[in-house]
Every structure is written in structure tokens, then in C-alpha cells.
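Notes follow once the structure below has been shown.
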Amino acid sequence: MASCGNPIADDSALMLSRPRFDKGKHCVKCKLNLGNIVIRHAVYCRDCFTPLVIVKFRRALEPHVNANAGTSKRPKLKASGSLVLGFSGGLGSAVLLDLVYKSYFAGRPPTDENGDPRGGINHPRNVSVWTSCAVCYVEVSSAIPEAHERTEEMRSALASYPNLKFIPLRLEDAFDESWWCRMTGNPDMSQLTLELGKDGLPTEGLNLAHSSNTLSPKDALRAFLTALPTPTAVSRAIQVLIRLLMFFTAQFHGASHLVLGSSLTTLAVSLVSCVAQGGGHAIREEFQEEWPPGLSPGVERGGSVRVVRPLRDVTMKECAAFAWWNGIRVPGRPRLTRVITGIPGLTKDFVVRLEKDYPSTVSTIARTCAKLEPKGTSVGECWFCYSHLQGGLADWKARISIRSHPNLKVVERLASSSPADSSVHPDQTSRLPPLDTHLCYSCITMFTSRSSRKSSFAPPLIHHQDMPLPRWVKPQDAEEAIPVSKNGELWVRSRQSEKECRESIADFLLPDN
Amino acid sequence: MSTITVKVEFGGGLELLFGNKRVHSISLPSFVPADNTIAPSSPPNSETPLLAESDDPPLPANGPIPDPMKGLGEMKAKPLDVQYLMHYLRSRLLTERPELFMDGDTVRPGVLVLINDTDWELEGEGTYEISDGDEIVFISTLHGG
């Protein structure tokens, strides 16, 4: 009985709950067997359910495999490089790993009497879609002192998938100069930091400085996370670090594709959460993106990596049933990488509850967001998260922000909030541009939004005068990007003097006398 | 009074809430209080009869299965169903964070329940009347993607 009315009313006043499936209990596909699972009001038997998930997986992945679509309606699948699979240990990535392996790497071609592939290794039947597959796992235990490392547990979970290479990464690699040098071949070992105010949080101007600290990567990671102002910021920062670590790694290994195990449910959570955190301009990248983006600096090795989410049409419930019925081992995702706090956590709670009562709505979220187009043009990439940078962001912020503070004492305190004994040389500071004009709106919000509650998980004992930034945060080309309209018209802005301004509108001014 | 033995299995990380034990075999009376009242748990050596027996936590060997309706006066009874089983699991076997398992009288959103390998939405959800030898699986889908 669903209590949709007065809870103290008579039993007969309660409305009977509607069944969660539209027709009978027989499978809507084979129409013979009794159903085993309800997917968005439709009933499927177990025999029809597994092929259904496989079809959804292939339908989402295979159109993106070939570099060019060509003219053939059924082109032969052949990727231009290898495959990297992002593995978190969670349900989605465990299901994705099993599907990828069984679909593309487990099959053995028929062999002749000598054990060689029949028809030769160059026969189209014997050519693999990808040259190889690597599984990339990012260990996040360093972010919290009491967390235990799970890299070996993840390695053992892959034991049942032979011929897959395991690439263990660590979250602190983002601050590791040797890792950055290996990924990019760039000998530039400099690291940038953000100046922090007296409250231990980034100042409003987001002033960059050259680092003079010699923190270990792990300490740098903790100092970075400690200085973030809100749980939402910490959650987003960790997601960005994991995302970019995998992107750089995939490119370094010559991968043409990076596949992630985002299910339809987690995709809906990401989309709503992305918009709620101010990332609407880059919402299309939540579906699919190419790496590196156009203006990515320093990365010279390898070609582009296509990021695909093949489970984007498969709900979390389908993943769970598929994993259970196919005996897929799900090691479990570290608590830190699950979205459980801040806006992402609240969004996840909302979407999961929504999916239970209105299972089709989650698909509606994804389909609606897929139709969205960002307004305006992009003027480059965000220096921190490498997503598209919205043009005119600074002007818009200037229009909506209140810059003056009514309390002069507060203004004086804010002005003197930079650490006086900073180890940064004045000439170095003057050469670095402020970071706030080169960040997307989500990242600005991430660094500057304040909360009355401090992040709960970050260890409070680590406090530094500056906030280490990941190695990929570098000043890019000093020249401002020039916006170009659709008709090729260049938009160049320059400040007019008062005299020039007066002259340009002279015909419309009334005489002074 | 007859008893019903049911096999309960946890997956997807939900077993961590139940002492990290995946499979439980539980014996419960065939008729239970309609308001899902679970009598308070007793220490193993107590002479107070227990409401039901299971292999976890340990119970007196070969002890009689008490009548859960005994002493409850005119309270309504109902056949053993999944809703009662969930209350029983929460009261007797859950070791931590009950909010991750139940939400009101049902399971928390994000937990998939299979009754004899069939989605419980096809079986009437919590109102499904448990038969002897049934297998009920609780799978958490909230361990991420």
C-alpha cells in the first residue's frame, strides 16, 4: 500500500500502489518466459536481459570506434590505437570491464593445425578492434590518512581477465614532477601555487605564484585538498584529478579510446550536478569528448583520445542485475571516490530516489541534456580542468558581483590577508597572470565559494601558506584569445579613453550650455 | 507452529553492513506480527525464548522456535513476508548504519531485491509471502560506476 494520503486515515482510504510494470509478468521480448526483471516498466526474462544489455553497450560504443565514419553503413570496426578502460572498482566499471573483455578480447579466432589463426593474422576476422587493452585504476587512499590502499585488491580483481595490462595510478601523481615529466616529456619541473589568505583558503583574486616548497606529492595533495573551501569543492577536485590523470595516461600509452563505466544513472547524476556547480557550458563533454582539447599545452606524444561512456543507456539497476547473474566480481569503490558529500552527493540521493519511483525520468534527464548547446563561443580551455572556457565570463561576473564592501575594516583586513612572509619573489608574482580569468566558472566556484562548514574529511593538521596546484596547471599563451563569430568576424576589444568615447557619440550629445 | 527457512544473500557491498558475511540461513515463524514488531534480542545463554533462529548471530542449539504471537495479546498476525524479513534483518543482523539498508518500511532506493532470482517488483515487493526454501538477495547498486 502506498501512503499517498492521510497516514492516519482508514485503511480503505489508502490508494493501492500501481504495479511497476505495464503489461503482464511475461517477458516483453520473447513473450514465452516469465519475467525476471522490470526495466523502465518493461518486463524481461533472464535469457533476454543479458543480450539486451550487450546490445545497448555495443550500440553506444561502436559508432565511436572508427576514427572516421566513412560511407559504409556497416564499416569494419578498427580503432587507430589501443584501449584504456577507467576502472574504479565500482559496479559500472566492473560491468564495463567484463563486457569489453568478452566482446573484444576473449574470443579466440579459429586456428589451423599449427595453432596459427586460420587465414593468417591479417585476415579481417583475426584482426582485433584494438591492438591492446589496459585497465587504469587511480588509488585515492593518500587523500585521507586512515584509508587503506586497494591497488592490489583491484589487481587481483583483474586476474580473471588475462591479457589485460594493469596501470595503477595514484591521486598524488597529479603533483608528482617525475610522473608529469614521463607523461609529457616536458622537462619543465616548475609547480605553481595559489596564495592563501589568513583563513587558509584561496584569496578572491586567485593569485598564482611559483612554488618554493619541496612538499612530497602526497603532502602536496593533502595541502591542496585541505585548502579547498567546501565538501562540494573537494568532491569535484578529486573527480577532476582522476579524470585528467586518466586522460594523460591514456594519451601517453597511445590509446585511441578511453572508456568509462558511467551508467545512465550516474550520467544523470553527473549532468545535474555539473549544471548545479556552474559547469553548464561544458555539459556536452559529460557525454563524449576528445582529448586533448584544442589548446592543450605541453603534451606532444600520441594522438587524440576519444572518451566514450558505453553504459550510458544502461541503468544502475540493469548493471547490478547483469553483474549478479553473470558472476561479475565487484570489488567496491573507495568511499572517497563515491559522491557522498556536497552537491554531487545530494544530487545522487535525489536521482536514485527518483529512479525508484519514476524509472523513466532518469533517461529523460540524459536525453534532455543531450540536446543542450552552450550559449556563446569557447575561448580556450580552463587551466585547471581543461574543459571549455566560456567567453565573456569575467564581464558577466563583473556585472553580477558586488565588489564594494560596506565595512571598511573588513576591506582593509581582506587587503592585508596575503601572507606577509610569503616565499614568493615579487618579480615572479608580477609575471604570472591571475588565475581567475583562466578558469571556467565551476573551477572559480570550486576555489572561491565559501561555506559555513569546513570540509570534514581533510586532515586539519596540514596547513601551508600556499596551495599546491596540479602539475598541468601552467600559464598558457599570454595573448588573449580573440573571439570569432560564426561569419568569421573578429571581435577585438580595447579600452577607450574618455575623449575617444565622447568623440564617438558627439553627434548625440546635447551642448553643455 | 511451523517455521520457514529462507536463504538471504547480500551483494554489491551490502554485506559490509552485515558483518561482512554474504550468505545467511534464517528460520522464521510462518506467522508474524502484522506491525512487524521484532522482540528485543536476547543474549545467547538467556532462557528467554527467542523470536526466531538463524545461523548468525549464534543461537542455542536445537532450541525450540518460539511463537512470536505469544504474549502479544490481540495483535494481528500475518503470514511471513519480505517486509517482516527486512525488519528482522535490520534488528538482528545489521551491525552498522541502518539508514543504508532500509528507508521506512522498505529498502533504501538503490538496493535491488531478487526473490528466487526474480525482481521483487514482479513479486509484490514487501508483501511477497515467503515460502520455505526461498532465496532472497539484496544487492546494493550504490557502490558507484
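In the text below, chain A, chain B and the rest are named by the order of the sequence lines, each starting its count at 1.
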Could you tell me whether E121(B) and K317(A) make a salt bridge, using a distance below 4.0 angstrom between a side-chain N and a carboxylate O? yes
Contacting moiety of Q83(B), where chain A heavy atoms sit under 4.5 Å: neither
Which atoms of D349(A) approach chain B - backbone, side chain, both or neither, heavy atom under 4.5 Å: side chain
Quick one: what part of L114(B) sits under 4.5 Å from any heavy atom of chain A, side chain, backbone, both or neither? side chain
Nearest 0.5 Å please: distance from the CG atom of L34(A) over to the CG atom of L122(B). 9.0 Å
Grab the two heavy atoms, one from I139(B) and one from A320(A), that are nearest each other, plus how far apart they are. CG2-CB, 4.2 Å
Could you check which of N36(A), I37(A), V352(A) has the highest count of heavy-atom pairs closer than 4.5 Å to chain B? N36(A)
Quick check: does any side chain N or O of D119(B) sit under 3.5 Å from a backbone N or O of V38(A), one acting as donor and the other as acceptor? yes
Using side chain to side chain contact (heavy atoms under 4.5 Å, CB included), reason through L112(B) and M316(A) one step at a time and then give a plain yes or no. CA-CA 10 Å; L112(B) 171 65; M316(A) 212 183 266; over 6 Å; no
Distance in Å, E318(A) CD paired with T141(B) OG1, rounded so as to fall on 0.5 Å steps: 12.0 Å
Report which part of D105(B) has an atom under 4.5 Å of a heavy atom belonging to chain A: side chain, backbone, both, or neither. neither
Measure distances from A321(A) to the heavy atoms of chain B and classify the residue's part below 4.5 Å as side chain, backbone, both or neither. both
Tell me, please, which residues at least two apart from L354(A) pass side chain to side chain contact (heavy atoms under 4.5 Å, CB included). F350(A), Y358(A), T361(A), I365(A)
Relative to chain A, which segment of V111(B) carries a heavy atom at a distance below 4.5 Å: side chain, backbone, both, or neither? neither
Enter the distance from K356(A):NZ to R108(B):CZ here, rounded to the nearest 0.5 Å. 11.0 Å
For residues 43-52 of chain A, tabulate all N or O donor-acceptor pairs below 3.5 Å that involve a side-chain atom, not counting sequence neighbours.
| from | atom 1 | to | atom 2 | distance (Å) |
| --- | --- | --- | --- | --- |
| R46(A) | NH1 | D117(B) | OD2 | 2.4 |
| R46(A) | NH2 | W325(A) | O | 3.4 |

